[in-house]
2 protein chains.
Amino acid sequence: MSEHEKSRLTVEIHNKTYTIIGSESPSHVRLVASLVDQKMNEIQDSNRHLDTAKLAVLTAVNTMSDYLKLKEDYATLLGSLNKKEDK
Amino acid sequence: MSEHEKSRLTVEIHNKTYTIIGSESPSHVRLVASLVDQKMNEIQDSNRHLDTAKLAVLTAVNTMSDYLKLKEDYATLLGSLNKKEDK
């Protein structure tokens, strides 16, 4: 599949099927889906009373938090690299 | 607030309130919540038929995809840094 071709993939997350359309590789989409499914199960295990909507929102919150922290780490690392290049 | 103290913060995401408990700073939690809310609105704008649960799952999928791509970029950057250090 060429890089710019749109892929259409059906994945299962938390017992529901989703069709993901995008330019990502099928292996990337499958990995993403399995990680989201896993995170939803983890959050559900510690909050049994949550409905699917709240569970999914908290999963998104959790993932966004990890994303922002990694973005900060990336910026720090980039800063170190630029410092080394200045030397 | 000390870094290891648990914070308890109420945020609004997609017209529902969520209590987020964790060790993150209130400003981090508020930023995360507003980004998730924003992403949910964006996805809803292009998929008007989605219910909140599916919308939130797709928001989590979208964020997880960005996270994985950033993780790869981070690993690449770390590789460059290590190479420079070896010189």
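Both backbone and side-chain heavy atoms feed into the values below; hydrogens, waters and symmetry mates do not. Throughout, a chain's letter reflects where its sequence line sits, starting with A, and its residues are numbered from 1.
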| remark: Listed by number, the residues in residues 72-81 of chain A that come under 4.5 Å of chain B (heavy atom to heavy atom) are A:Asp73, A:Tyr74, A:Leu77, A:Leu78, A:Ser80, A:Leu81

| query | Going by residue number, which parts of residues 38-51 of chain A are within reach of chain B, meaning a heavy-atom gap below 4.5 Å? | reply | A:Lys39, A:Met40

| Residue among A:Val11, A:Leu35, A:Ile20, A:Thr63 satisfying side chain to side chain contact (heavy atoms under 4.5 Å, CB included) with B:Val61 | A:Ile20

| task | Enter the distance from B:Met64:CE to A:Asp66:CG here, rounded to the nearest 0.5 Å. | result | 7.5 Å

| remark: Rounded to the nearest 0.5 angstrom, the CD-NZ distance for B:Glu24 and A:Lys69 is 3.5 Å

| request: Go through A:Thr59, A:Leu68, A:Val29, A:Leu55 and name the one with the most non-hydrogen pairs under 4.5 angstrom from chain B. | output: A:Leu68

Tell me the closest heavy-atom pair linking [X] and [Y], and the distance in Å.
X       : Y       : answer
A:Ala53 : B:Thr52 : CB-CG2, 4.0 Å
A:Val32 : B:Ser65 : CG2-CA, 3.7 Å
B:Ala60 : A:Ala56 : CB-O, 4.4 Å

| Which pairs pass salt bridge (charged side-chain N to carboxylate O under 4.0 Å, His left out) with one or both residues in residues 9-19 of chain A, sequence neighbours excluded? | none

| Considering only heavy atoms, which portion of A:Thr17 lies under 4.5 Å from any heavy atom of chain B: side chain, backbone, both, or neither? | backbone

| Can you list the residues that meet the side chain to side chain contact (heavy atoms under 4.5 Å, CB included) rule with A:Lys71, with sequence neighbours excluded? | A:Tyr67, B:Leu70

